[in-house]
Amino acid sequence: MSDKSFYEQVYALVRRIPRGTVTSYGRVAHMLGRPNAARAVGYALSALKDEHADRRGEVPWHRVINSQGRVSIQNREYSAQEQARLLRAEGVMVSDDLRVNLDRFLWDGLHWVEIDDILREK
DNA sequence: ACAGTGACAACAT
DNA sequence: TATGTTGCCACTG
């Protein structure tokens with residue numbers, strides 16, 4: 001299948017999320033063929049602020065929120081506001097209580113053909 | 001090998 | 001809506 005690490009797969013997929021749209025950790029996990037790895041997706045993205053900080057600029061991590069349509073960096077006020085700021089900057093409406101209307105901004109996602117591509121090449 | 005850790009999610013109250 | 005609980009997972013000492 002793939003020799004690409006889960007982190008790499010997550011980053012590759014997140015890079016495909018169109019500007020002005022959002023998706024959830026669970027959807028990302030599902031698209032990667034791991035319907036129950038939502039938590040691990042969040043873990044992978046959190047790594048962007050330390051060991052994988054070098055990739056932070058190329059991965060639109062702010063476009064991934066929780067399944068309830070809410071920016072979920074609750075315990076880190078700074079990051080939560082930063083994420084909301086980045087989203088608003090590209091047209092995504094984020095309420096004061098950090099919520100996004102998924103009916104309007106949810107990304108459709110990719111089809112299996114494209115996913116297959118992501119799981120392999122760099 | 002193994003227990004601990006989170007930017008999750010579904011479900012019950 | 002707002003908690004709490006429980007199941008899950010990749011990754012880390």
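Chain identifiers are assigned alphabetically (A, B, ...) following the order of the sequence lines, protein sequences preceding nucleic acid strands; residue numbering begins at 1 within each chain.
The two residues A/Ala29 and A/Ala38 make their nearest non-hydrogen contact at CB-N, 3.6 Å. Contact between A/Phe6 and A/Ala40 at its shortest, heavy atoms only, is CE2-CB, 3.7 Å. The minimum heavy-atom distance linking A/Leu86 with A/Trp61 is given by the pair CD1-CZ2, 3.6 Å.
Rounded to an integer number of Å, the gap from CD of A/Glu8 to C1' of C/dC11 is 14 Å. Atom P of nucleotide C/dT1 and atom CG of A/Asp96 are separated by 16 Å, given to the nearest angstrom. Note: CG (A/Leu86) to C1' (B/dA7) measures 14 Å, nearest angstrom. A straight line from CD of A/Gln83 to P of B/dC8 spans 10 Å, rounded to a whole angstrom. For A/Arg70 and B/dA10, the CZ to C1' distance is 17 Å, given to the nearest whole Å. Look at CG on A/Asp97: it is 12 Å from C1' on C/dA2, rounded to the nearest Å. What separates CG of A/Leu98 from C1' of B/dC8 is a distance of 17 Å, to the nearest Å. Between the CG atom of A/Asn66 and the P atom of C/dC8 there is a distance of 20 Å, given to the nearest Å.
Comparing B/dA9, C/dC11, B/dG6 against the side chain of A/Ser24 picks out B/dA9 as the nearest. When each of C/dA10, B/dA9, B/dG6 is scored by its nearest atom to the side-chain atoms of A/Arg39, the top-ranked nucleotide is B/dG6. The A/Ala37 side chain lies nearest to C/dC9 when the options are B/dC8, C/dT12, C/dC9. Among the nucleotides C/dC11, C/dC9, B/dA10, the one closest to the side chain of A/Tyr43 is C/dC11. Closest to the side chain of A/Arg99, out of C/dT12, B/dA9, C/dT1, is C/dT1. Set against B/dA7, C/dC11, B/dG6, the side chain of A/Tyr7 has C/dC11 as its closest nucleotide.
Here the options are A/Ile17, A/Val71, A/Leu102, the test is side-chain contact (heavy atoms from CB on, under 4.5 Å), and the partner is A/Val22; only A/Leu102 passes.
Counting any heavy atom pair closer than 4.0 Å across all strands shown, A/Ser67 reaches sugar-phosphate atoms only and no base atom.
Scored by the salt bridge (Lys or Arg N to Asp or Glu O under 4.0 Å) test, A/Glu114 finds no partners at all (sequence neighbours excluded).
Taking for each of A/Trp61 and A/Gln68 the nucleotide of DNA chain B with the nearest heavy atom, the 5'-most of the two is the partner of A/Trp61.
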